[in-house]
Amino acid sequence: MKPAHYIASISGIGYIRGGGTIAAAITAIGWYLLMPEHAGIQLLLTIFVCLIGVWVSDETALSWGKDSNRVVIDEVFGMMITLLLLPLSVPVVIGGFVLFRFFDIVKPLGIRRAEQIPGGWGVMADDLLAGVCANLVMQLIVFLLA
């Protein structure tokens with residue numbers, strides 16, 4: 001397996017049925033267990049995953065086609081955006097996961113149009129927007145319940 005395929009599929013998760021949901025769930029759990037509550041580190045790691053995701057999405061498009069189901073690094077990135085700058089707690093992570101999957105699957109509010117952006121940026125853009133929507137809803141919930 002080429003390195004870009006390995007990274008894009010997150011070590012082969014993309015080959016599993018429901019790989020996007022599995023990748024998002026693993027990211028949510030990993031974020032909860034491993035991510036320091038330091039905004040700068042969270043932001044840098046999220047940007048890094050975005051840039052790697054754009055690159056591997058471009059690379060894998062040559063053999064798999066644009067936005068193949070095997071590419072799940074975009075779900076990892078979207079889940080990271082969802083949890084960015086939120087307090088680390090089990091209810092917040094679960095709520096963020098559910099909201100991200102909702103926005104990523106249903107693609108309301110014009111999110112689907114972001115897929116039309118050429119290349120790897122288009123692959124990552126809809127998950128960016130889904131993550132932003134989920135994050136904003138979670139920020140509101142956390143604010144209202146605080």
*asked:* Tell me every residue that passes side chain to side chain contact (heavy atoms under 4.5 Å, CB included) with I16, counting only those two or more places apart in sequence or in another chain.
replied: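 I22.
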Same cluster or not: are [X] and [Y] linked, directly or through other Ile, Leu, Val, Met, Phe, Trp or Tyr residues, by side-chain heavy atoms under 4.5 angstrom apart?
X: V49; Y: L34; result: yes
X: L44; Y: W31; result: no
X: F143; Y: L88; result: no
X: I111; Y: I105; result: no

*Not counting sequence neighbours, which residues clear side chain to side chain donor-acceptor pair (under 3.5 Å) with S11? List them please.*
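Only Y6 meet the side chain to side chain donor-acceptor pair (under 3.5 Å) criterion with S11.
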*Decide yes or no for M35 and L45: does some side-chain heavy atom of the first lie under 4.5 Å from some side-chain heavy atom of the second?*
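Sidechains of L45 and M35: in contact.
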*Under the side chain to side chain donor-acceptor pair (under 3.5 Å) rule, what pairs show up with a residue in residues 44-54, not counting sequence neighbours?*
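The answer is none; no pair qualifies.
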Can you name the closest pair of heavy atoms from [X] and [Y] and give their distance?
X: V56; Y: A4; result: CB-O, 3.7 Å
X: P36; Y: I41; result: CG-CG2, 3.9 Å
X: G12; Y: S9; result: N-OG, 3.0 Å

_Check the orientation of H5 and W64. Use parallel for under 30°, tilted for 30 to 60°, and perpendicular for over 60°._
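Ring orientation, 0 to 90° scale: tilted.
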*Please test W121 against C50 for side chain to side chain contact (heavy atoms under 4.5 Å, CB included), starting from the C-alpha separation and ending with a verdict.*
CA-CA 9 Å; W121 288 107; C50 177; 4.0 Å; yes
Under 3.5 Å, side-chain donor or acceptor atoms of residues 90-102 against the rest of the protein: list the pairs with distances, not counting sequence neighbours.
{"residue": "R101", "atom": "NE", "partner": "T21", "partner atom": "OG1", "Å": "3.2"}
{"residue": "R101", "atom": "NH1", "partner": "D104", "partner atom": "OD2", "Å": "2.7"}
{"residue": "R101", "atom": "NH2", "partner": "T21", "partner atom": "OG1", "Å": "3.1"}

Output a table of donor-acceptor pairs, distance under 3.5 Å, between side-chain atoms of residues 133-142 and any protein atom two or more places apart or on a different chain; print 'none' if there are none.
{"residue": "N135", "atom": "OD1", "partner": "Q139", "partner atom": "NE2", "Å": "3.4"}
{"residue": "N135", "atom": "ND2", "partner": "I81", "partner atom": "O", "Å": "3.1"}
{"residue": "N135", "atom": "ND2", "partner": "T82", "partner atom": "O", "Å": "2.9"}
{"residue": "N135", "atom": "ND2", "partner": "L84", "partner atom": "O", "Å": "2.7"}
{"residue": "Q139", "atom": "NE2", "partner": "L85", "partner atom": "O", "Å": "3.4"}

*Output yes when K107 and D126 qualify as a salt bridge under the 4.0 Å nitrogen-oxygen rule, no when they do not.*
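Answer for the salt bridge query: yes.
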_Evaluation steps, side chain to side chain contact (heavy atoms under 4.5 Å, CB included), between V54 and V123_ = CA-CA 7 Å; V54 169; V123 173; over 6 Å; no
Show me the side-chain donor-acceptor pairs of residues 66-79 shorter than 3.5 Å, one per line, residues at least two apart or across chains.
{"residue": "K66", "atom": "NZ", "partner": "E115", "partner atom": "O", "Å": "2.7"}
{"residue": "K66", "atom": "NZ", "partner": "I117", "partner atom": "O", "Å": "2.7"}
{"residue": "S68", "atom": "OG", "partner": "R70", "partner atom": "N", "Å": "3.1"}

